[in-house]
Amino acid sequence: MPSSSSRRRRRRGRRRKKKEEEARDWADGLPLDAILAIFHKLGHADILMAADQVCATWRRAARDEPALWRRITVRGTEALSARINRGGLACAAVRRSAGQCEAFCGEYAGDDGFLVYLTEQASCLKSLRLISCLGVSNEGIEEATKEFPLLEELELSFCYNVTHEAYAAIGAACPQLKRFRLSKRSFYDSGGIRWKNNDDAGGISKMHGLRSLQLFANNLTNEGLSTILDNCPNLESLDIRHCFNIDMGADSLRAKCSRIKMLRPPDDSTDDYDFDVYTPRRLPISPGFVRYYSVYSDPEYSMYSDEWTSEEFDDDDDDYSGPSRYEEDLDKYDNALPRCMRTFLK
């Protein structure tokens with residue numbers, strides 16, 4: 001005779017199984033419109049990682065409705081990125097769009113290889129926002145934008161391996177580009193000329209069709225901003241918050257900004273800014289020491305030392321500028337993903 005504890009375990013198992021079957025029946029019974037309404041309330045990563053796995057009906061809805069993936073957002077944190085291959089999630093989302101993707105926003109979501117994949121799957125892309133994508137390089141974004149002739153919006157915030165050298169090429173490749181966003185973690189100033197740099201402004205000035213420009217915590221000066229204003233005659237919205245090298249009191253600059261309909265000066269409120277805001281810092285450089293600050297100006301990444309040499313600093317950058325892990329063989333892309341992620345690409 002089974003013991004009483006065994007009988008209780010079996011009863012609990014039957015009750016649990018019954019509840020699971022009821023839950024599946026409820027999910028399977030929803031009409032497609034209701035399922036899609038639920039999906040539209042979720043992030044695309046949540047759909048791929050959770051909702052997609054509820055039942056066969058929900059999976060079919062997520063897989064077979066390209067309109068659901070027309071505007072894709074895959075955003076997260078660095079901690080989450082360390083556990084999940086966000087590049088894989090991004091590719092899965094783009095594939096499900098069936099060529100209809102018009103907007104992609106990714107945070108920690110891919111590298112140069114992913115951009116190659118995106119060009120093949122989303123030739124009609126109009127908006128590309130890349131945030132904290134450290135695997136994206138000058139060459140990668142330059143080659144990708146050549147394949148997006150309809151691109152109207154571009155963001156490269158905290159993509160520290162993309163530099164001013166790429167901006168001019170982007171301007172030439174994307175004549176319809178109207179909005180550009182470039183945010184940095186924090187404004188730094190040592191009182192020296194090193195922290196007054198108009199390289200970014202020189203490249204951005206080649207984006208002649210811009211109507212909206214956001215530069216947060218950039219080191220450009222009045223000269224750099226004047227160059228942008230002179231070369232972007234259609235500019236209507238200008239956000240230069242935390243760009244404290246700019247002196248808005250200068251008469252010549254004030255005159256050039258008079259045509260701007262929406263102007264956010266350096267000291268304007270950051271309450272509506274999309275990312276965390278860090279206090280601007282003045283960095284004293286002690287005589288006799290050469291300090292190299294990481295490109296990561298977020299306090300989480302601060303890695304400066306009085307003892308570093310330029311060679312050591314250059315070696316650190318190599319970790320982020322190597323070849324894409326997907327670029328060599330896109331035909332075998334599925335095999336580059338963890339086994340648990342390959343199902344997303346089907």
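These values consider heavy atoms only, across backbone and side chains, with no hydrogens, waters or symmetry-generated copies.
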Partners of R254 by side chain to side chain contact (heavy atoms under 4.5 Å, CB included), sequence neighbours excluded?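 By the side chain to side chain contact (heavy atoms under 4.5 Å, CB included) rule, R254 matches D251.
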Using 0.5 Å steps for rounding, measure from the [atom1] atom of [X] to the [atom2] atom of [Y].
| X | Y | atom1 | atom2 | value |
| --- | --- | --- | --- | --- |
| S127 | I72 | OG | CD1 | 11.5 Å |
| L150 | L177 | CG | CG | 12.0 Å |
| I170 | E142 | CD1 | CD | 7.0 Å |
| L215 | I246 | CG | CD1 | 7.5 Å |
| L229 | L210 | CG | CG | 11.0 Å |
| E139 | L115 | CD | CG | 11.5 Å |

Look only at the side chain of [X] and the backbone of [Y], and say whether a donor-acceptor pair between them is shorter than 3.5 Å.
| X | Y | answer |
| --- | --- | --- |
| N234 | R211 | no |
| R259 | L235 | yes |
| R241 | S269 | yes |
| N222 | D247 | yes |
| H164 | A201 | no |
| D199 | G202 | no |

Closest non-hydrogen atom pair between [X] and [Y], with its separation:
| X | Y | answer |
| --- | --- | --- |
| S183 | Q214 | OG-OE1, 3.7 Å |
| C159 | C133 | SG-N, 3.6 Å |
| T279 | S186 | O-OG, 3.4 Å |

In terms of relative ring orientation, are F114 and F104 parallel, tilted or perpendicular, with 30° and 60° separating the classes?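 F114 and F104: tilted rings.
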Is the F275 ring parallel, tilted or perpendicular to the F158 ring (thresholds 30°, 60°)?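 Taking F158 first and then F275, their aromatic rings stand perpendicular (interplane angle over 60°).
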Just do the side chain to side chain contact (heavy atoms under 4.5 Å, CB included) check on R185 and Y160 with the steps written out, would you? CA-CA 10 Å; R185 292 290 180 189; Y160 294 114; 3.0 Å; yes
Go through T221 and N245 one step at a time and tell me if the side-chain hydrogen bond (donor to acceptor under 3.5 Å, both in side chains) criterion holds. CA-CA 5 Å; T221 65; N245 285 335; over 6 Å; no
As a quick check of understanding, evaluate side chain to side chain contact (heavy atoms under 4.5 Å, CB included) for R75 and I131, giving each step before the final call. CA-CA 8 Å; R75 301 185 69 168; I131 302 162; 3.5 Å; yes
For E143, enumerate each residue passing the side chain to side chain donor-acceptor pair (under 3.5 Å) test, keeping only those at least two apart in sequence or located in another chain.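 Partners of E143 by the side chain to side chain donor-acceptor pair (under 3.5 Å) criterion, ordered by chain and then number, come out as K146.
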Can [X] and [Y] be counted as having a side-chain donor-acceptor contact under 3.5 angstrom?
| X | Y | value |
| --- | --- | --- |
| E155 | S157 | yes |
| N138 | T163 | yes |
| S137 | N161 | no |

Could you tell me whether E223 atom CD has more than 12 heavy atoms of other residues or ligands within 6.0 Å of it?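 No - once you tally the heavy atoms of other residues, nucleotides and ligands closer than 6.0 Å, there are 12 at most.
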Checking side chain to side chain contact (heavy atoms under 4.5 Å, CB included) against I228, which of I240, L213, L238 comes through?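 Passing option: L213.
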Looking at side-chain heavy atoms only, is the closest gap between [X] and [Y] below 4.5 Å?
| X | Y | answer |
| --- | --- | --- |
| E147 | V116 | no |
| H242 | P280 | yes |
| F187 | P266 | no |
| P149 | Q176 | no |
| R181 | F216 | no |
| K206 | N231 | no |
| R179 | E152 | yes |
| L220 | N197 | no |

In sequence, state the C-alpha distance, the side-chain angles, and the governing distance for C101 and Q121, and then conclude on side chain to side chain contact (heavy atoms under 4.5 Å, CB included). CA-CA 8 Å; C101 181; Q121 299 289 326; over 6 Å; no
Given the rule in the side chain to side chain contact (heavy atoms under 4.5 Å, CB included) test, do L253 and M248 qualify, once you have shown the distances and angles that lead to the verdict? CA-CA 7 Å; L253 185 61; M248 294 301 298; 4.0 Å; yes
Cationic N near anionic O, under 4.0 Å, K184 to D200: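 So K184 pairs with D200 through a salt bridge.
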Please enumerate all residues that pass ring pair (Phe, Tyr, Trp, His ring centres under 6.0 Å) together with F180, with sequence neighbours excluded.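 For F180, the residues satisfying ring pair (Phe, Tyr, Trp, His ring centres under 6.0 Å) (neighbours in sequence not counted) are Y167.
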